[in-house]
Number of protein chains: 2
Amino acid sequence: MKVNELAKRGGVTAETVRHYAREQLLAPQRHPDNGYQLFSDTDLERLRFIQRARKLGFSVAEIRDILTHADQGDSPCPLVRDLLASRLPQIRARIAELEALAERMEQAMESWQQMPDGSPDGHSVCRLIESFPDAPSIKETP
Amino acid sequence: MKVNELAKRGGVTAETVRHYAREQLLAPQRHPDNGYQLFSDTDLERLRFIQRARKLGFSVAEIRDILTHADQGDSPCPLVRDLLASRLPQIRARIAELEALAERMEQAMESWQQMPDGSPDGHSVCRLIESFPDAPSIKETP
DNA sequence: GTAGAACCTATGGGTAACCCATAGGTCAAG
DNA sequence: CTTGACCTATGGGTTACCCATAGGTTCTAC
């Protein structure tokens with residue numbers, strides 16, 4: 001099957017399929033005449049595997065590693081366990097970051113309710129924001 | 001003061017200061033002889049404002065808008081209120097996404113405890129992952 | 001048989017907020 | 001006058017795609 005058909009059967013866009021092919025997660029055959037990528041049913045299974053792995057938080061690069069292991073006949077399962085175990089605390093940390101952010105935002109909105117919209121002068125841009133501490137800025141760890 | 005001094009006083013890297021200058025959040029003067037960027041105390045105040053705004057979740061582009069308003073003598077405060085009010089539910093949604101992800105990960109790790117590390121065959125890469133549903137993949141809305 | 005739709009290819013650019021490397025100019029101190 | 005510390009501008013990397021473009025192919029209808 002060609003890109004579009006695989007994409008529809010897997011529930012992703014054709015661009016996503018091409019992306020995975022570029023990133024070596026899929027290795028379709030090529031039609032010798034026109035260079036079209038030809039995917040098999042095994043590729044569809046692979047795509048579904050990729051979807052599940054993405055849903056569990058694995059990155060595309062990690063999934064490539066997992067698939068490479070499997071393609072060489074090695075069990076990728078220990079790797080999978082390790083990756084998940086080390087990723088989970090990162091996700092938890094990210095959640096905590098975002099919760100702290102949300103709390104700051106809510107506190108700000110609340111305390112702003114009784115503050116007027118001032119005009120900017122040479123030293124103040126917006127007292128709403130300036131009424132907050134600066135110090136260590138937020139780390140963006142998506 | 002030059003880039004490095006502003007950066008140290010503001011608690012950021014010199015690269016970050018250059019980034020903000022490139023993005024028009026800071027508009028330093030230029031030394032006529034050597035082209036060095038020269039920052040004033042007002043720029044330091046501006047940098048501190050930027051830090052506070054970042055900590056409240058504003059993007060660099062949004063902060064540029066806020067500063068542009070203020071530079072034109074308009075109060076940016078209504079904009080600030082609107083931006084924050086519309087960003088907060090997005091943050092909450094992102095938190096919910098990540099919590100769902102974390103829950104999937106924990107469920108996976110738990111159910112995997114009694115599963116062996118299988119060897120890959122033609123149809124299975126890793127049963128650990130394949131034991132999970134695929135369906136709608138996770139949307140990455142950082 | 002041929003026009004046009006619908007599909008394919010590869011390439012390159014965009015996203016967010018920086019970080020890092022490079023090449024080359026500047027400056028203060030010893 | 002030579003280090004070493006600093007400055008400049010440029011371009012590439014990060015993540016997982018999306019989109020536009022130009023040009024080749026296949027399918028469908030007339």
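We use all heavy atoms of the structure for the numbers below, so side chains are in, but hydrogens, waters and symmetry mates are not. Computed from a prediction, not measured in an experiment: that's the story for all the values here.
For C:dC18, the OP1/OP2 oxygens have no side-chain nitrogen or oxygen of B:R22 closer than 4.0 Å. When the side-chain nitrogen and oxygen atoms of A:T13 are compared with OP1 and OP2 of D:dC17, none of them lie within a distance under 4.0 Å. Note on A:T16: every side-chain N or O is 4.0 Å or more away from OP1 and OP2 of D:dA16. Neither OP1 nor OP2 of C:dA6 sits under 4.0 Å from any side-chain N or O of A:N4. Distances shown here put every side-chain N or O of B:Y20 at or beyond 4.0 Å from the OP1 or OP2 atom of C:dA17.
B:L38 places its CG atom 15 Å from the P atom of C:dT26, with the value rounded to the nearest Å. Straight-line distance from the CD atom of A:E23 to the C1' atom of D:dC18: 14 Å, rounded to whole Å.
Of the possible polar contacts, none joining the A:R94 side chain to the B:L98 backbone as a donor-acceptor pair under 3.5 Å is found.
Partners of A:S59 by side chain to side chain contact (heavy atoms under 4.5 Å, CB included), not counting sequence neighbours, listed by chain and number: A:A61, A:E62. In this structure B:E99 satisfies the salt bridge (charged side-chain N to carboxylate O under 4.0 Å, His left out) test with no other residue, sequence neighbours excluded. With sequence neighbours left out, the side chain to side chain contact (heavy atoms under 4.5 Å, CB included) criterion links A:D117 to B:S75, B:C77, B:P78, B:R81. The side-chain hydrogen bond (donor to acceptor under 3.5 Å, both in side chains) search around A:N4 returns none, not counting sequence neighbours. Listed by chain and number, the residues in a side chain to side chain contact (heavy atoms under 4.5 Å, CB included) with B:Q72 are B:T68, B:D74 (sequence neighbours excluded). A:S119 pairs by the side chain to side chain contact (heavy atoms under 4.5 Å, CB included) definition with nothing, not counting sequence neighbours.
With distances taken from any side-chain atom of B:R54 to the nucleotides C:dA17, D:dA16, D:dC7, the minimum falls on C:dA17.
From one end of the helix from C:dG1-D:dC30 to C:dG30-D:dC1 to the other, with five pairs defining each end axis, the axis direction shifts by 30° (rounded to 10°).
A residue-by-residue look at B:V60 and B:E15 shows that B:V60 has its nearest nucleotide of DNA chain C further toward the 5' end.
Residues from residues 24-37 of chain A that place a heavy atom under 4.0 Å from any atom of DNA chain D, listed by number: A:N34, A:Y36.
Salt bridge A:R48/A:D43: absent, no basic N to carboxylate O contact under 4.0 Å.
Residues in residues 15-32 of chain B take part in these side chain to side chain donor-acceptor pair (under 3.5 Å) pairs, two or more places apart or across chains: B:T13-B:T16, B:E15-B:R18, B:E23-B:R64.
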